[in-house]
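First comes the structure, then the notes that go with it.
Just so it is clear, the model here is predicted, and its values are computed rather than measured.
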Amino acid sequence: MKIMSKLLGWLMIISVFAIVITIIISAFHFDDYLLQCFLYEISIFLISFYSKDIVDAELLERKIKEEIWKLEEKELNRSKSDENT
């Protein structure tokens, strides 16, 4: 999951560079093909941005569940040690 998040982050960065390059090229020469490329690049950026947010949220959820599980286990161990004394 962490690797996927990093790859989606790199995809976002690359798509932003592609958008900027397309805008620069379209300043000198504009046609339908550049417009189509621009729209594809924006859609790739938006999809990768949304996907990265979902992956990051899942990673955060997993981390929180692990912390809760550790705290519950500590509390259980404490209660067992209190019962033994």
**Item:** CG/Leu71: more than 12 non-hydrogen atoms of other groups inside 6.0 Å
**Value:**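 More than 12 within 6.0 Å, yes.
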
**Message:** If you count heavy atoms of other groups shown closer than 6.0 angstrom to CG of Asp31, is the number above 12?
**Reply:**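 Result for CG/Asp31: enclosed.
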
**Asked** Given Leu76 and Ser79, is the side chain to side chain contact (heavy atoms under 4.5 Å, CB included) satisfied, shown in steps?
**Response** CA-CA 5 Å; Leu76 183 64; Ser79 65; 4.1 Å; yes

**Prompt:** If we only count heavy atoms from C-beta on, is the Phe38 to Leu34 side-chain gap below 4.5 Å?
**Reply:**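 Phe38 does not reach Leu34 side chain to side chain.
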
**Message:** Contact between Lys63 and Leu59 at the side-chain level, heavy atoms closer than 4.5 Å - yes or no?
**Reply:**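 A side-chain contact is absent here, since even the closest heavy-atom pair is not under 4.5 Å.
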
Determine, using the 4.5 Å side-chain heavy-atom cutoff (strictly less than), whether [X] and [Y] are members of one ILVMFWY cluster.
X: Phe45; Y: Leu8; answer: no
X: Leu35; Y: Phe28; answer: no
X: Leu46; Y: Phe49; answer: yes

Without placing hydrogens or testing angles, list every side-chain donor-acceptor pair under 3.5 Å for residues 10-18, not counting sequence neighbours.
residue	atom	partner	partner atom	Å
Ser15	OG	Leu11	O	3.2
Ser15	OG	Met12	O	2.8

**Item:** Sequence-distant partners of Leu60, side chain to side chain contact (heavy atoms under 4.5 Å, CB included), two or more places apart
**Value:**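 Leu60 satisfies side chain to side chain contact (heavy atoms under 4.5 Å, CB included) with Ile64 only.
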
**Message:** Checking Ile21 now: which residues fulfil side chain to side chain contact (heavy atoms under 4.5 Å, CB included) with it, not counting sequence neighbours?
**Reply:**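 Once residues adjacent in sequence are excluded, the partners of Ile21 under the side chain to side chain contact (heavy atoms under 4.5 Å, CB included) criterion are Ile25.
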
**Item:** Between CZ on residue Arg62 and CD on residue Glu67, distance to nearest 0.5 Å
**Value:**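 Result: 14.0 Å between the selected atoms.
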
**Asked** Out of curiosity, Asp53 CG to Ser5 OG, how far, rounded to the nearest 0.5 Å?
**Response**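 Those atoms lie 9.0 Å apart.
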
**Request:** For salt bridge (charged side-chain N to carboxylate O under 4.0 Å, His left out), just list the numbers for Glu66 and Lys70, CA-CA rounded to whole Å, side-chain angles, deciding distance to a tenth of an Å, and then say yes or no.
**Result:** CA-CA 6 Å; Glu66 287 175 2; Lys70 287 177 185 177; 5.4 Å; no

**Asked** Just by modelled atom types, is the Ile23 backbone N or O under 3.5 Å from a matching donor or acceptor in the Ser26 side chain?
**Response**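 Side chain of Ser26 to backbone of Ile23: a pair is present.
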
